[in-house]
Amino acid sequence: MRAIPASFYSGDVDRVARDLIGATLLVDGVGGVIVETEAYDAADPASHSFVGRTARNAAMFGPVGHAYIYRIYGLHLCLNIVCGSPGSAVLIRAIEPLHGVERMQERRGAAMRVNQLCAGPGRLCSALGIDQRLDGASMALPPFALFERVEPVSIQTGPRIGITLAADRLRRFGAAGSPWLSRRFPIASPCTAV
DNA sequence: CGGATGATCAACT
DNA sequence: GTTGATCATCCGC
């Protein structure tokens, strides 16, 4: 497996969000293959960075390839990877659990169904043991590890989830037909092979 | 099953 | 005081 270099994150955020589908994400050896992402940037009303740099979103304007982690709805954490244009990032929404599934189950509870372990940004952070202190940390250094996609994937596009502003933009990307998605894509949404 | 609800934090008005 | 890039649980079919 080839580690993802910093150059991977330059250029169009949507392209990065697409290329991260199929990549392998590990936190302290626990993780799997990314199957769902969303793209955000400073020109996007739905993005935290739309209002400019603040204390919370500072990482979004920091080094490329680092993590932007924030708390949502008072309880859950979400993991983003900072991209080339300032204020842009990719939200990691779901992965296929492959490594350290036992540790994930310890964290999420044994009752949790395996296909729900990492299906959603909050669940994913919980299962991988991500905490807010990792905000701003490099995705290329421990405890993180990121590896490039090896197999070709069919990628589906659709509207982002939980968004009210700019809800019509198709900036959610997923491995077509994957059983590990947080939600199914609307039928007849665009699908491209990569 | 599907929809409603409450949990609980931090940024911003 | 309000509002979220959410999730687990409860309740009604």
Side-chain angles (χ1 to χ4, degrees), chain A residues 9 12-18 20-21 23 25 27 34-62 66-83 85-97 104-137 139 155-175 178-187 189:
Chain A
Y9 304 104
D12 186 49
V13 202
D14 290 43
R15 193 223 91 227
V16 178
R18 220 181 271 273
L20 279 171
I21 302 295
L25 167 67
V27 182
I34 296 172
V35 296
E36 186 180 344
T37 60
E38 283 178 4
Y40 293 87
D41 63 55
D44 185 344
S47 173
H48 290 172
S49 57
F50 184 65
V51 295
R53 182 181 178 141
T54 67
R56 176 173 67 153
N57 68 23
M60 288 187 89
F61 295 88
H66 285 226
Y68 166 47
I69 298 168
Y70 65 92
R71 188 171 298 283
I72 186 68
Y73 295 121
L75 11 171
H76 307 290
L77 294 176
C78 294
L79 169 68
N80 299 252
I81 302 178
V82 178
C83 290
S85 103
S88 68
V90 173
L91 170 69
I92 310 298
R93 287 196 52 91
I95 70 175
E96 171 185 358
M104 297 188 202
Q105 284 170 327
E106 288 168 22
R107 294 174 177 137
R108 309 293 335 287
M112 176 63 57
R113 309 207 46 119
V114 185
N115 67 318
Q116 301 264 58
L117 272 180
C118 301
R123 290 168 175 167
L124 163 57
C125 285
S126 170
L128 268 51
I130 291 170
D131 70 274
Q132 217 165 7
R133 290 176 309 214
L134 290 170
D135 182 38
M139 297 301 300
I155 294 179
Q156 203 147 22
T157 310
R160 292 170 294 184
I161 294 185
I163 294 289
T164 50
L165 276 55
D168 54 320
R169 303 192 190 184
L170 303 183
R171 304 192 88 183
R172 176 182 176 223
F173 307 95
S178 170
W180 310 101
L181 298 173
S182 65
R183 292 165 64 165
R184 302 209 66 79
F185 280 79
I187 34 214
S189 48

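Here is how names work: the chains are called A, B, and so on, in the same order as the sequence lines, proteins then strands, and each is numbered from 1. Since we're looking at a predicted model, the values are computed, not measured.
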Check for a donor-acceptor pair, side chain of A/R71 on one end and backbone N or O of A/L75 on the other, with a separation under 3.5 Å.
yes
DNA chain B contacts made by residues 50-57 of chain A, counting heavy atoms under 4.0 Å:
A/T54, A/R56
Please give the distance between the C1' atoms of B/dA10 and C/dA8 as a whole number of Å.
22 Å
Does A/R93 place a side-chain N or O at less than 4.0 Å from the phosphate oxygens OP1/OP2 of C/dT6?
yes
Under 3.5 Å, is there any donor-acceptor pair linking the side chain of A/Y73 to the base of C/dA5?
no
State, to 0.1 Å, how close A/A39 and A/F173 come at their nearest heavy-atom pair, and which atoms those are.
CB-CE1, 4.2 Å
Are the side chain of A/N80 and the backbone of A/A89 linked by a donor-acceptor contact shorter than 3.5 Å?
no
Ring centroid separation for A/Y70 and A/H48, is it under 6.0 angstrom?
yes
side-chain N/O A/R123 vs C/dA8 OP1/OP2, d < 4.0 Å
yes
Determine whether the aromatic ring of A/Y40 stacks with the base of C/dA5, defined as ring centroids separated by less than 5.5 Å and ring planes inclined by less than 30°.
yes
Please determine, for C/dT6, whether a Watson-Crick or G-U wobble partner exists with both distances under 3.5 Å, and give it or none.
B/dA7
Do you know the tightest heavy-atom contact between A/W180 and A/A94?
O-CB, 3.5 Å
